[in-house]
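Heads up: the structure comes next, in structure tokens.
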Amino acid sequence: IGQPDEIGMTFQELAIYLHYNGPSGAEKAYKAALRKLKRDLYGGAYGRWLSAQKGIRAAKAEAEQAAG
């Protein structure tokens, strides 16, 4: 977590920093945050763009298959 030039943390260090009981709690919180970020990212305009790109690729592949 942080900038590219920063040193990452272990779950043990993260647990201490966030005042959790142990590294497993920190890992669960980390994974829950990642799931939420992914859901928010793919649910918005970027997700719609990805779906459109997938449809375009499928249409191109179908057209190439029909032509060749």
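Counting begins at 1 with the first residue of the sequence.
Heavy-atom minimum distance, Gly22 versus Ala15: O-CB, 3.4 Å.
Transitive grouping of hydrophobic side chains (ILVMFWY, heavy atoms separated by less than 4.5 Å) keeps Leu14 and Ile16 in distinct clusters.
By the ring pair (Phe, Tyr, Trp, His ring centres under 6.0 Å) test, Phe11 is found to be paired with Tyr30, residues two or more places apart in sequence or in another chain being considered. For the side chain to side chain contact (heavy atoms under 4.5 Å, CB included) test, residues two or more places apart in sequence or in another chain that qualify with Tyr46 are Leu41, Tyr42, Trp49, Leu50.
The neighbour count for Glu62 CD, taken as heavy atoms of other residues, nucleotides or ligands under 6.0 Å away, does not exceed 12.
Checking side-chain atoms of Glu13 against main-chain N and O of Thr10 turns up a donor-acceptor pair under 3.5 Å.
A salt bridge links Glu27 and Lys31; the closest N-O separation between the charged side-chain nitrogens and carboxylate oxygens is under 4.0 Å.
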